[in-house]
Trainee: 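Here it is: the structure, laid out below.
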Amino acid sequence: MLRALGTSDDGATVAEISTRTGLDRAVLYRLLSTLLDEGFVTRDESTREFHLGVALVELGARASEDLEVTRLAATGMQQLMELSREAVCLAVRDGDEAVVVDRVEPPGLFVRIGYAVGFRHALGVGAHGRALLASLPAAPGLPALPRAVRDGIRRAGYAVSTDELELGASGVAAPILDARGQAVAALGVVAPTARLPDPSTLGTPIATTAAEISRRLGFTAR
């Protein structure tokens, strides 16, 4: 139905949408009513025509950012993997959670940390989650970091974790900011604590790489 609306420059009536989609008009009225309430479509009361709404633009921009940050992070992830000889992971924010969207690791690792693509966890837990949360403004529904922890992460430019998401696992991650200065992703290394007893030793190169990706996303430090 949304695609049918998108093919018309001047909007479309319910009858026209029904013709294009083959959907019953009663079904369309119910769907359009919900989409109107959520801002995904608008209606011109004078012509009774429906148009695509601004909420779709917002979602499209969010999806575009997520896809672009994955592409822009690829080279930096490879460099960090070669430097650390450990798994390098990229996570993006999804509401009050962090979701792993990319991972690279050197061949031959015998012991691996299960921070795989698709894994999600609460913000504020783990290096990636805390790196994201510390860079976000306080908002309803988001967990709150102790001020000292938040300020420490912002000052250092990265977050570290040990034995939080998995016993024997350590991590260090830095936030990636978009052109608006919003934290959209976190880049970092995860490894067995035995191989990474002091995650902060990788903090500076990870923060530097994340800052370069942020710059390429359009972020300018003020």
Trainee: Looking only at atom types and distance, does a side-chain atom of H128 sit under 3.5 Å from a main-chain N or O of C89, one as donor and one as acceptor?
Mentor: yes
Trainee: Closest heavy-atom contact between V88 and M77?
Mentor: O-CE, 3.3 Å
Trainee: Under 4.5 Å between side-chain heavy atoms, hopping through other hydrophobics if needed: is there a path connecting L109 to V104?
Mentor: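 No; tracing contacts between hydrophobic side chains, which count when under 4.5 Å, never links both residues.
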Trainee: Shortest non-hydrogen contact from T162 to S170?
Mentor: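 For T162 versus S170, the nearest heavy atoms are OG1-OG, 3.4 Å.
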Trainee: Is a donor on one side and an acceptor on the other found under 3.5 Å between the side chain of D96 and the backbone of L142?
Mentor: no
Trainee: Please round to the nearest 0.5 Å and tell me the distance separating atom CD1 of I206 and atom CD of Q79.
Mentor: 13.0 Å
Trainee: L145 and L133: which non-hydrogen atoms are nearest, and at how many Å?
Mentor: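 Heavy-atom minimum between the residues: CG-CD2, 3.6 Å.
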Trainee: Taking only Lys NZ, Arg NE, NH1 and NH2, and the carboxylate oxygens of Asp or Glu, determine whether E82 and R85 approach each other closer than 4.0 Å.
Mentor: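 Salt bridge: no.
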Trainee: Does the side chain of R195 reach to within under 4.5 Å of the side chain of P192, using non-hydrogen atoms?
Mentor: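 Yes, side chains in contact.
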Trainee: Between T21 and I17 (side chain of the first, backbone of the second, donor and acceptor by atom type, cut-off under 3.5 Å), is there such a pair?
Mentor: yes
Trainee: Is there a donor-acceptor pair under 3.5 Å between the side chain of R20 and the backbone N or O of A4?
Mentor: yes
Trainee: Quick one: CD on E86 to CG on L196, what's the gap to the nearest 0.5 Å?
Mentor: 6.5 Å
Trainee: Check whether R25 reaches the backbone of V14 with its side chain - one donor and one acceptor, N or O, closer than 3.5 Å.
Mentor: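 Looks like no, no N/O pair under 3.5 Å.
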Trainee: Contact between R93 and V184 at the side-chain level, heavy atoms closer than 4.5 Å - yes or no?
Mentor: no
Trainee: Please round to the nearest 0.5 Å and tell me the distance separating atom CG of L136 and atom CZ of R150.
Mentor: 11.5 Å
Trainee: Is the backbone of I176 close enough, under 3.5 Å, to the side chain of S214 for a donor and an acceptor to pair up by distance?
Mentor: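 Checking the backbone N and O of I176 against the side chain of S214, no donor-acceptor pair under 3.5 Å is found.
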Trainee: Quick one: do L187 and V99 end up in the same hydrophobic cluster if we chain Ile, Leu, Val, Met, Phe, Trp and Tyr together by side-chain heavy atoms under 4.5 Å apart?
Mentor: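 As far as the 4.5 Å side-chain criterion goes, V99 and L187 are not connected within one cluster.
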Trainee: Using a strict cut-off of less than 4.0 Å between a Lys/Arg side-chain nitrogen and an Asp/Glu carboxylate oxygen, indicate whether R112 and E105 qualify as a salt bridge.
Mentor: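 Salt bridge present between R112 and E105.
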Trainee: Find out if a path of hydrophobic residues (ILVMFWY) with successive side-chain heavy-atom gaps under 4.5 Å connects V172 to V92.
Mentor: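 Yes, it is one cluster - the side chains of V172 and V92 are joined through contacts under 4.5 Å.
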Trainee: side-chain contact (heavy atoms from CB on, under 4.5 Å), that's the test. Do L165 and V190 meet it? Break it down for me.
Mentor: CA-CA 11 Å; L165 293 171; V190 294; over 6 Å; no
Trainee: When you measure from the side chain of R130 to the backbone of L132, do you find a donor-acceptor pair of N or O atoms at a distance under 3.5 Å?
Mentor: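 Side chain of R130 to backbone of L132, a donor-acceptor pair under 3.5 Å: no, none is there.
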Trainee: Taking all non-hydrogen atoms of both residues into account, name the closest pair between G157 and A207 and its distance.
Mentor: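 Looks like O-CB, 3.7 Å.
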Trainee: Mind checking whether V101 and F119 sit in one hydrophobic cluster, side chains of I, L, V, M, F, W, Y counted as touching below 4.5 Å?
Mentor: no
Trainee: Do any pairs count as a side-chain hydrogen bond (donor to acceptor under 3.5 Å, both in side chains) and have a residue in residues 198-209, sequence neighbours left out, and if so which ones?
Mentor: D198-S200
Trainee: Locate the shortest heavy-atom distance separating A91 from A98; write the atom from each residue and the value.
Mentor: CB-CB, 4.4 Å
Trainee: Between the side chain of D178 and the main-chain N/O of Q182, is any donor-acceptor distance below 3.5 Å?
Mentor: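 It does hold such a pair.
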Trainee: Using the test side chain to side chain donor-acceptor pair (under 3.5 Å), find all partners of R216 that sit at least two apart in sequence or belong to another chain.
Mentor: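 Partners of R216 by the side chain to side chain donor-acceptor pair (under 3.5 Å) criterion come out as none, since no residue qualifies.
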Trainee: Are F50 and T42 side-chain neighbours, meaning at least one heavy-atom pair lies under 4.5 Å?
Mentor: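 Sidechains of T42 and F50: no contact.
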Trainee: Would you call L177 and S135 a side-chain contact if the rule is heavy atoms closer than 4.5 Å?
Mentor: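 The answer is yes; the side chains approach within 4.5 Å.
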Trainee: Rounded to the nearest 0.5 Å, what separates atom CG in L23 from atom CG in L31?
Mentor: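 The distance works out to 7.0 Å.
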Trainee: Are L90 and L202 connected in a single hydrophobic cluster, I mean Ile/Leu/Val/Met/Phe/Trp/Tyr linked by side-chain heavy atoms less than 4.5 Å apart?
Mentor: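 Hydrophobic grouping puts L202 with L90.
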Trainee: Tell me if a side-chain donor or acceptor on E164 pairs with a main-chain N or O of G126 at a distance below 3.5 Å.
Mentor: yes
Trainee: Can you tell me how far CG of D163 sits from CD of E166, rounded to the nearest 0.5 angstrom?
Mentor: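 One finds 9.5 Å between CD of E166 and CG of D163.
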Trainee: Kindly indicate whether the side chain of P199, heavy atoms from C-beta on, has any atom under 4.5 Å from the side chain of V189.
Mentor: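 When only atoms from C-beta onward are counted, V189 and P199 do not touch, as no gap falls below 4.5 Å.
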Trainee: Hey, would you say the H51 and F40 ring centroids sit under 6.0 Å apart?
Mentor: no
Trainee: Considering non-hydrogen atoms only, spot the tightest contact between Y115 and R103 and give its length.
Mentor: O-NH1, 2.9 Å
Trainee: Is the closest side-chain heavy-atom distance between V160 and Y158 below 4.5 Å?
Mentor: yes
Trainee: Give, for atom CG of D44 and atom OG1 of T13, the distance between the pair rounded to the nearest 0.5 Å.
Mentor: 12.0 Å
Trainee: Determine whether a donor-acceptor pair (N or O, by modelled atom type, separation under 3.5 Å) exists between the side chain of R43 and the backbone of L32.
Mentor: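 Here the side-chain-to-backbone pair does not exist.
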